[in-house]
Every structure is written in C-alpha cells, then in structure tokens.
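In what follows, a single structure is set out as structure tokens and then discussed.
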Protein chains: 2
Amino acid sequence: MANIREIAKKAGVSVTTVSRVLNHHPYVKEEKRERVLKAMKELKYTRNIQAVHLAKGYSNMLGIVLPNIEHSYFSGLVTGMAEKAQARGMHFALFQTGYDPLKEKEALMSLKERRVDGLIFCSNALSDEHILKWQEFGPIIFCHPTQHDTCSTVSIAHDQAFKEGLHHLAACGHERIAIVLARTEGANSESRLQAYQDMMQSLGQSIDEEWIIDGKLSLIDGKQLFAEWQKMRNRPTALFITNDDVSAGFLLEARRRGIKVGESPAILSFQYNQLSEALGISSIHIPLKQMGQEAFDLFDLALKGEKSEKRMLPFRLIERTTTVLKNNR
Amino acid sequence: MANIREIAKKAGVSVTTVSRVLNHHPYVKEEKRERVLKAMKELKYTRNIQAVHLAKGYSNMLGIVLPNIEHSYFSGLVTGMAEKAQARGMHFALFQTGYDPLKEKEALMSLKERRVDGLIFCSNALSDEHILKWQEFGPIIFCHPTQHDTCSTVSIAHDQAFKEGLHHLAACGHERIAIVLARTEGANSESRLQAYQDMMQSLGQSIDEEWIIDGKLSLIDGKQLFAEWQKMRNRPTALFITNDDVSAGFLLEARRRGIKVGESPAILSFQYNQLSEALGISSIHIPLKQMGQEAFDLFDLALKGEKSEKRMLPFRLIERTTTVLKNNR
DNA sequence: GTGAAAGCGCTAACAC
DNA sequence: GTGTTAGCGCTTTCAC
C-alpha cells in the first residue's frame, strides 16, 4: 500500500503538499493538486487512518456503552446515535456490558487508551461518580438523569413520568398496584421506589413486598411474570411495568390463558415500541430515537469544548386497551 | 498523559525495556520490570492504543456490516459475534447500511483505510464479486452462501430450508401459497424464487404475481400485509414469510380482527425469535447466535491466514399453531 | 538482558 | 505557495 511519501515522489512534490491536498488545504496550486490527485489514483492510494489519528490525537470514534443490543430500548437509542454519527462522519464501537461493572470498566479503559474519543453511557452498573472520574480522558454522556453537573445528560423526567403513570392507574380505580423493574439498583430505581411509596401512602394502601418486582427484562420474563402474578396471595389489580417487552410477554400470556387485561389485571408500560403499539398496551412513550440523536449532539458539543448541558425530553402517556376505568365493586 | 519515554526516564531504563514490560516480553530483569511497573503506576500510564496499532499495522477492530440493528435478526447475529470478539479482546464497529450500497462502500473504505482489520457482511446491496475485490485489504466474511471460494461464509442451507418450508405447507394441504420476502434482490432471493416456482409447478399450481410479495421487514409491515392479504382477488391460503417480525405483525392483526390463523390463512415463518415463539408461530429456526459466533471464528481464522471455509449450520422446522393439516373441502 | 535508533504514515510548525 | 523537519507514541531490529 502506497504511502504519502511515494505519492510525493511520484508527483514530484513534497509530502506537505500531498498532505495539503488530502486535507483540502486552500494553498495548493491547481496544477500541483492535480498531479498529486493523479498519482494517488495511479497508486490506488488511501490514507492510513491510524496514522492520521495518531498525529491528530483523536480517533474519530464514539463508544456506546449499553447492557444488551438485543433489547429494543437500546437498539432504539443506538439507531438515533448512529444516524447522527454517520452524518458527522464519525464511527462508533459498541460495548455490551450485560450490566457487568467490569465490562463498563473496559469501556472506560478504551477511552483512556484513546481507542474512542468519548463515551455515551446507557448502562450504569458503576456509580455515576466513578464513571465521571474518567472524564479527564474525554467526554462522557449519560442517558439518564444525574445530579452531577460536570457531564451532559439526556433523558426524560423519569420520576415525573413514573408518578404520572401511577396517578393514571390510581385514576382508573386501582389501589393495589405492583411495580416491575428491570433492576432495583438501576439509576432511576431509587427515585421510582420513592415515588411509588409516596403514591401508595396517599392512596392509604400499604405495600406488600411482593409488589415490588425486579429482574424482568424480556418477553419471556413477561410471560413468566403473568404466572407469578396469578400465584400471588395478595394479588395486585394493576402492574406498572417499566419495559415494553415484559408487558408484551405478560399480555400475550394472559391472552393465551383467556384472561382479559384491562380492568384487572391492568398493565401500564414504559417505552412504547412497535410491539406494545401492535398489542394495544397503554404505555408511556419515550422518544428513544430522538434521545439517541440528542445524546450524540451533546457528545459532539462536548468534544468541541462546549459546557455540559442537561436535556429533558418530553414523554407522553398513551392510553390503550390495557388500562381502563375500573368498576370498583 | 505520560508516554513511554517519560516512564523510561522515571524508571531509569530505556524505552525498549518499557515496551518489553508492556508486551510481557520474557527477557526483562525482575528488578527493572518492577521499577517500570512502579513508574507506570505513579504516572498513571496507559498505552496509546493508536500508536500501538500504527506501529503494529493492525487495528484490533472488526467491522460488522448490517442493514439495521433494530431488526432482531441482525441484533441476534451481532450478539453472537460480540461474545466471541470480547473473549478474544477484539472490539467492533457497526456499519448500518439500510441496504444502501453507498453505505456498504463506506464500510469497505474503512477496511482499506485500516480502521478495521476485516469485515463481516450481513448486508449485501453490492454484489458479492464487488465486495470480495476488497479482500486484499483484509478478510471479509459473509453470512450468506456464495459460490465464490475465496471467502469464508457461514449460513444455513437457505434454499433447502426454503424448500422444506414449502413442502411443509404443501403437506398441510396448501396449493395457493404466497411468499413474502424482505427484498427480491437479496442474496438468497433468486434461489428462493426458483425453489418457489419449482414447488408450485410440481403442485400443478400457476403462480399469481400477487403472491410474490417483497419489501416486508417489520411488525408494522406484517400488520399491513394482513390487510393486503384480505384484499387480494386471488387470495392464497398460506403465506410463507421469511421474517419473524412480519409474521408476528400478520398474526396479531389477524387476531385483532378475529380471524384465526392456521388452516387459512396459514403462515410459516423464518428465524424463530422470542416473539414468534410466544405467539406460537410455526417457523424455521435459524441458530442466529451460533451463526454470529461462527462468523467471528471464521474471521479470526482468516486473520491468522487460514484458508477460507464454508460453514453450513443446521436449521429446524418447528410446527406450532399457524400451520395445521388443512381440511381440503 | 539491554539500549540506540530506525521505522509505522501522517500532520503542522516554521522558514523560505 | 511550497518544502524541510520535527513530532505523534509505540515497536522492533540490531549491536553490544
């Protein structure tokens, strides 16, 4: 593979001139530019991007850290980021963590090693503080709210959305409400638990510990959840499920067993993907693609040295068939 | 950020020795090694991976080329590849093409630029010949069968699977069978069309051009497909759908309208993901994750200079509720 | 075992 | 406008 020196020799110019042509520097005589271009074509030259990056001190590469790309929540985010990245001529690497802190650490190491110019974190097994210590090596963006003001974040107002969801269920006449989370130790979980407790208290309803369910992520988990719900001693009349795939699994299993979801059990979901739409599941819509796009924008701004920014995206509760006004007998 | 020279100075050794320590070269006196290690710790040293890659001439990076990560087929493949890549200490970049040949070209350029060491192609808007011309710059693996023997491939026996599917539908008593493809110009489409025509001929059934449907990719497309099916003048009794998401959309829409899928319409699907399983859709199971893993293995072997290899994975037709023996009245 | 020095391929002062 | 040259940070040959 030809390099810049060979091109220079062939075109009878210096390497600087070749470099100038390569980088569209204005001060190159047209005649020389053409000789260089010709030489490049003849030698089928392509610049070695690694050398460029080493010399320039960046990698033009974004790292996206997420638990699992098979989950529609994350693939939705990635799609938004990828669109923007592509438009900006930037590439990206995926770091799948499976919520493993060690894997997150590896992503952080890649930042320090300069494999990537920055990271967008959609996974947070490590604490925010810990992650943000690595900011000295490049921008880090979160897709969840955090109180640390040194980093940019984009998210919806999770606790507000969560409260609104609970209110909706209460307004439908439910008091015995369960919540279903992906992970109780997640970034949003604590404030959600608080909101849940507050709401239940205001309903004058004591919480059965069975009603706080976690570790539910997939369609299969949702199917299983239905079975578990049926077996509960103190069965809730409504489930607030923070993930569309789980909700879909629940609903499909209910239907399969001939049980209608709506009055009881009612389910309210989060995220709003194609599947929950097709199934008519009431859900709180998160604009995932937009969120991904804005996460990239924030990353790009941070690269340019702009100061950090917290962006809050709108959410929307969409009532479908799985939450209806309950006949309180 | 400290570099190797500063470490050398601090430890009172040469850069060579530092490099040896970094690369676990055996010939370093224990005492010096410890001094170096100490200096690295004190200066919080991390090697600049770009410099390493430039010097070594590789990037330790795999490029995965696919149309769209939001599609479960591709995220399934990626999951398999990512597992293996991670275990091998290799990173990967995603190239989403949306079936756009220009985007595929960009991935090929990244190979030539040495941004990635090789590519796994799960998208093929460009012809195989065209893509394989770029092999001089690094290994290229296909996830579809190809007659070119210079590259490694992993896939299931698509046409055989397709034939088996058609036979199954015929055995259920169907003669008026439609096929639903993602794209008629895809890699497998030609042989599928041939198999379809052969089968229909052997059933003594002429093909209505309405029965060859393409451009169906998503759940929404599947819902719409159901509506289209209902409006057909010459309505087929069975649809062979080459994609689980489309099948699921079709089935859900049918159910919503109170129409039972099984005898007519019957649907047979391809891929077998969680959703089609939950819905009880008859489907031809493709071991996606394994396919991804083996694709990576082949890539790794190719990097090591091993000769190319064609791997064929087993498929399995799983009968569920959407194909049943038809009462031919 | 160890170090000097010549790369890897490109960029960007700086001088002309 | 153009060329010389010193980096970017690491690896690796070669001599000792």
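Chain letters run A, B, ... following the sequence lines, proteins first and then strands; every chain starts at 1.
- A heavy atom closer than 4.0 Å to some atom of DNA chain C occurs in no member of residues 105-116 of chain B.
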May I have the list of side-chain donor-acceptor pairs in residues 21-28 of chain A shorter than 3.5 Å, sequence neighbours left out?
residue, atom, partner, partner atom, Å
A:Asn23, ND2, A:Ser19, O, 2.8
A:Asn23, ND2, A:Ser19, OG, 3.4

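- For the salt bridge (Lys or Arg N to Asp or Glu O under 4.0 Å) test, residues two or more places apart in sequence or in another chain that qualify with B:Arg47 are A:Glu113.
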With a 3.5 Å cut-off and sequence neighbours excluded, list the donor-acceptor pairs that the side chains of residues 50-58 of chain A form with protein atoms.
residue, atom, partner, partner atom, Å
A:Gln50, NE2, B:His53, O, 3.3
A:His53, ND1, A:Tyr58, O, 3.3
A:His53, NE2, A:Ser59, O, 3.2

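- Within a 6.0 Å sphere centred on NZ of A:Lys289, other residues, nucleotides and ligands contribute 12 heavy atoms or fewer.
- Between A:Glu31 and A:Arg35 a salt bridge is recorded (basic side-chain N to carboxylate O distance below 4.0 Å).
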Response to the item:
Readout for nucleotides 10-16 of chain C: B = base within 4.0 Å of protein heavy atom, S = sugar-phosphate only, - = neither; 5' to 3' it is BBBB---

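- Atom pair B:Lys29:NZ and C:dG3:C1' shows a separation of 14 Å (rounding to whole Å applied).
- Note on A:Glu129 versus A:Lys133: no salt bridge recorded, every NZ/NE/NH1/NH2 to OD/OE distance being 4.0 Å or above.
- A 6.0 Å sphere centred on NZ of B:Lys105 holds no more than 12 heavy atoms belonging to other residues, nucleotides or ligands.
- Taking the six-membered ring wherever Trp is involved, the centroid distance between the rings of A:His144 and A:Phe121 does not fall below 6.0 Å.
- Inspection of the B:Lys32 and B:Thr17 side chains reveals no N or O donor paired with an N or O acceptor under 3.5 Å.
- Scanning DNA chain D 5' to 3' for nucleotides with an atom closer than 4.0 angstrom to a non-hydrogen atom of chain A gives a first and last hit of D:dG1 to D:dG9.
- With no hydrogens or angles considered, a side-chain donor-acceptor pair links A:Thr97 and A:Ser123 at under 3.5 Å.
- At whole-Å resolution of the value, CE in A:Met1 and P in C:dG9 are 9 Å apart.
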